Each structure stands twice: as structure tokens, then as C-alpha cells.
Asker: 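Please find one structure pasted underneath; my questions will follow.
For clarity, every value in this text was computed on a predicted model and none was experimentally measured. Positions are given from 1, in the same order as the sequence printed here.
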Amino acid sequence: MDWAVGMIAAPRQSSESIHRSYESCVANGLKPLIFAEPGTNVPEAADTICRPHTIAQLLQYVEPSQSGKFGNCQNYLQCAADLLEEFKTHEVILIVEDDAVLCSGSVSFVDGLCWPDEQCGAISLYAANVSSIRAGMRSEFRRMPRKYFMGSLAIAWRRECLEGIVRAGGFRDWHGDAGQRANPKIPRSDIKGVDTMLAVEMHKLNYDFWTFTRSLVNHHVPRGLKDNSALNNGPSIGRRATFRYVGDSPGNLRSVFGIRPTQ
């Protein structure tokens, strides 16, 4: 299948993560189009759209700040709209965040699994540390319950599903995760919880998401830094950590996950 790839990026303490993330995409045969918030240090070789600029028309429910900042949720959704506009015939839209490092061979591996059934709207290459459901599981590729859609670091979208989410405009009524929900006056550019919002919208559209019980993507933190979050989410520990990363060069991923070559 034809893949389009976009990377959402924002300023961090260290720019090492975005460089590692970009290089891992290139090593997998993809050249990401970066959608960068103001002040982001991006790789020189990258094609970059600096927010508040867009490719597609600015979505009606996206409200940049005075500085041009979109914020996590809005940048993700506008990135989706921009990629759909720029790559009109591509069947898979991969959206990665700028601290997601893809293992070698992950893109060709996932391409061979698209799509496991008609209700699969997206495949998450990243597995968050939700040990309550993953502990004891064998390494496999499987449909997951909506409530375990955690982490939006690297998601390969079925085009039709992503188009449906962008058109639906569910972000109009989204006030963020956890404590943010009680405060609808939060600026749209400060709203977080994009993974939860995406899961809700997929469910409305009757799509499922699939993922792996070992992560194909590492949630990268530069050596010596405890926290490199662009969203003030704190260190990448607990549920924000990567679950059983397969390693940068895992070899035969079909063998790792017990998938027969004929599948």
C-alpha cells in the first residue's frame, strides 16, 4: 500500500528526540512531512510546515493561539487534514509524534498486515505500558478494547477512518482529558488527551483499533533527561513508558509475533 507520513512536533528541552524519530522514519523508507509548532528545532533535511500555516483549509474547529500555536490535539487533527489533502490517493496515513522512534522494518511489517478486517480503522505501532492487560500476554497482533487506546506516538490510519474523524469535528465538544474536562474555557491550543479523543471518535464511527503486545516504537527520552515532554506530562514512566520494546533492530518481526509468512 502507499503510505503518507506526517510528524507533529513541538519545542522540547532537547531536540535529540525529533532527530532520532525522523531518522527512524527515513530508515524505514519514509520521509515525514513535519508539522512544527512555533520555535521547534527541526532536522535540516526535513520538509516542514510551520504552524500556523496549513496545506488544507484550516479546520473550522481549530483555533490557534496568538503566537500561532496549535497545541497537541489541534495540530494532530490539522496534520490529518493536511496529509489527506496532500496525498489524495494514499491508503495508509501514518502520523507520528516527535519522540517516537520506529524499529527497523516496522513499516514494511505493518504494511503486510493492513487491514486485518473491515472494522480496523487504525493500527498503533506503539504499545503503552498498560501492564494490567498486557502482562502475561504472548507476543501478538490483536484487536484491543477502546479503553486501552493509550498513546498516540505512531498510528497507521485507514484513510476512510481518518477522513471520518476529521469531518466529524468531535473536537468542538472536547475539553481535554482528566481535570481539563471540567473547564471548557481552556484555550483550544492548550487541550491535551488526543489519544482519548481519537478513541472516542473511532468508536462513534464503528471502527476498531489493533496493536501489538510488544511495542514497535520506543518512547524516546534523551540520555540524562528525566522528562522531555512538550506537554508538561512528566517523565515517560508508568503508563507513559513503552511496553516491551522489540529493540531498534529486532530482525524478523513476523517471527517475534508468531505470524506465519502466508498471513
Asker: Does the pair V101 and E23 meet the rule for a side chain to side chain contact (heavy atoms under 4.5 Å, CB included), with working shown?
Answerer: CA-CA 8 Å; V101 175; E23 289 165 3; over 6 Å; no
Asker: Can you see which heavy atom on D208 is nearest to which on M202, and at what distance?
Answerer: O-CE, 3.2 Å
Asker: Could you tell me whether a side-chain N or O of N75 sits under 3.5 Å from a main-chain N or O of F35, the two making a donor and an acceptor?
Answerer: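 Checking the backbone N and O of F35 against the side chain of N75, a donor-acceptor pair under 3.5 Å is found.
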Asker: Could D82 and R51 be called an ion pair, given the rule that one side-chain N must be under 4.0 Å from one carboxylate O?
Answerer: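 Yes.
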Asker: Without swapping roles, check the side chain of T213 against the backbone of E140 for a donor-acceptor pair under 3.5 Å.
Answerer: yes
Asker: In terms of relative ring orientation, are H219 and Y126 parallel, tilted or perpendicular, with 30° and 60° separating the classes?
Answerer: perpendicular
Asker: Does the ring of F171 carry R188 above it, NZ/CZ under 6.0 angstrom from centre and within 45° of its axis?
Answerer: yes
Asker: Working to the nearest 0.5 angstrom, can you tell me the gap between C161 SG and R159 CZ?
Answerer: 12.5 Å
Asker: Taking all non-hydrogen atoms of both residues, which atom of Y207 and which atom of G121 are closest, and how far apart?
Answerer: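 Y207 and G121 have their closest heavy atoms at CD2-CA, 3.5 Å.
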Asker: Indicate yes or no for a side-chain donor-acceptor contact from R158 to the backbone of C120 under 3.5 Å, with no hydrogens or angles considered.
Answerer: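 Such a contact is found between R158 side chain and C120 backbone.
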Asker: For the residue pair A156 and V92, what are the closest heavy atoms and their distance?
Answerer: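 For A156 and V92, the tightest heavy-atom pair comes out as CB-CG1, 3.9 Å.
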Asker: Got a sec, which pairs hit ring pair (Phe, Tyr, Trp, His ring centres under 6.0 Å) with one end in residues 75-95, sequence neighbours left out?
Answerer: F87-H90
Asker: Do D98 and I8 touch side chain to side chain, with heavy atoms closer than 4.5 Å?
Answerer: no
Asker: Are F212 and F243 an aromatic pair, judged by ring center distance below 6.0 Å?
Answerer: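 For F243 and F212, the ring centres are not under 6.0 Å apart.
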Asker: Run the numbers on F141 and F257 for ring-ring contact (aromatic ring centres under 6.0 Å, His included), then give the verdict.
Answerer: CA-CA 7 Å; F141 174 54; F257 291 98; 8.2 Å; no
Asker: Distance check, rounded to the nearest 0.5 Å: L198 atom CG versus L162 atom CG?
Answerer: 8.5 Å
Asker: Looking just at side-chain N and O atoms, do S189 and Q74 make a donor-acceptor pair shorter than 3.5 Å?
Answerer: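 Their side chains do not contain a donor-acceptor pair, so the 3.5 Å distance test is not met.
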Asker: Can you check whether I18 reaches S15 side chain to side chain, under 4.5 Å on heavy atoms?
Answerer: yes
Asker: Does some side-chain heavy atom of L253 sit less than 4.5 Å from a side-chain heavy atom of V246?
Answerer: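 SC-SC contact between V246 and L253 confirmed.
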Asker: Would you mind reporting whether I155 and I123 have side-chain heavy atoms less than 4.5 Å apart?
Answerer: no
Asker: Hydrogens and angles aside, do S17 and H220 bring a side-chain donor and acceptor to less than 3.5 Å of each other?
Answerer: yes
Asker: If only atom types and distance count, is the side chain of S215 paired as donor or acceptor with the main-chain N or O of A127 below 3.5 Å?
Answerer: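 The answer is yes, because a donor-acceptor pair under 3.5 Å joins these two groups.
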Asker: Rounded to the nearest 0.5 Å, how far does OG1 of T48 lie from CG of L33?
Answerer: 7.5 Å
Asker: Following the transitive rule for hydrophobic clusters with a side-chain heavy-atom cut-off under 4.5 Å over Ile, Leu, Val, Met, Phe, Trp and Tyr, establish whether V194 and V200 coincide in one cluster.
Answerer: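 No, V194 and V200 fall in different hydrophobic clusters.
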Asker: With the side chain counted from C-beta on, respond yes when W157 and E91 share a heavy-atom pair under 4.5 Å apart, and no when they do not.
Answerer: no
Asker: Does any non-hydrogen side-chain atom of C25 lie less than 4.5 Å from one of V96?
Answerer: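 Sidechains of C25 and V96: in contact.
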Asker: Does the side chain of L58 reach to within under 4.5 Å of the side chain of P52, using non-hydrogen atoms?
Answerer: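 SC-SC contact between L58 and P52 ruled out.
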Asker: Using the side chain to side chain donor-acceptor pair (under 3.5 Å) rule, collect all pairs that involve residues 31-41, keeping only residues at least two apart or in two chains.
Answerer: none
Asker: The test is side chain to side chain contact (heavy atoms under 4.5 Å, CB included); show your working for H19 and E16 and say whether it passes.
Answerer: CA-CA 5 Å; H19 286 266; E16 179 184 322; 5.9 Å; no
Asker: Test V217 against S106 for side chain to side chain contact (heavy atoms under 4.5 Å, CB included), laying out the working first.
Answerer: CA-CA 8 Å; V217 168; S106 55; 5.8 Å; no
Asker: Can you name the nearest heavy-atom pair linking C103 to N28, along with the distance?
Answerer: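 It is O-ND2, 3.1 Å.
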Asker: So, S104 side chain and D248 main chain: donor-acceptor pair closer than 3.5 Å or not?
Answerer: no
Asker: Is the shortest side-chain N to carboxylate O distance from D99 to R20 below 4.0 Å?
Answerer: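 Looking at D99 and R20, the cut-off is not met.
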Asker: Considering only heavy atoms from C-beta outward, does the side chain of F109 approach that of N252 to under 4.5 Å?
Answerer: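 A side-chain contact is absent here, since even the closest heavy-atom pair is not under 4.5 Å.
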Asker: Strictly by side chain to side chain donor-acceptor pair (under 3.5 Å), give each pair with a member in residues 57-69 just once, sequence neighbours left out.
Answerer: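 Applying side chain to side chain donor-acceptor pair (under 3.5 Å) to every pair that reaches into residues 57-69, excluding sequence neighbours, yields S65-S67, K69-D190.
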Asker: Let me confirm one number: the CE-CZ distance from M144 to F149, rounded to the nearest 0.5 Å.
Answerer: 11.5 Å
Asker: I need the minimum non-hydrogen distance between L77 and V166, along with the two atoms involved.
Answerer: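 Closest approach of L77 to V166, heavy atoms only: O-CG2, 4.2 Å.
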Asker: Between atom CZ of F209 and atom CZ of R142, what is the distance when rounded to the nearest 0.5 Å?
Answerer: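 One gets 10.0 Å once the value is rounded to the nearest 0.5 Å.
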Asker: Please lay out, stage by stage, how L216 and L102 fare under the test side chain to side chain contact (heavy atoms under 4.5 Å, CB included).
Answerer: CA-CA 6 Å; L216 301 176; L102 283 62; over 6 Å; no
Asker: If you measure from CD on E85 to CD1 on I55, what distance do you get to the nearest 0.5 Å?
Answerer: 8.0 Å
Asker: M7 and S21: which non-hydrogen atoms are nearest, and at how many Å?
Answerer: CE-OG, 3.2 Å
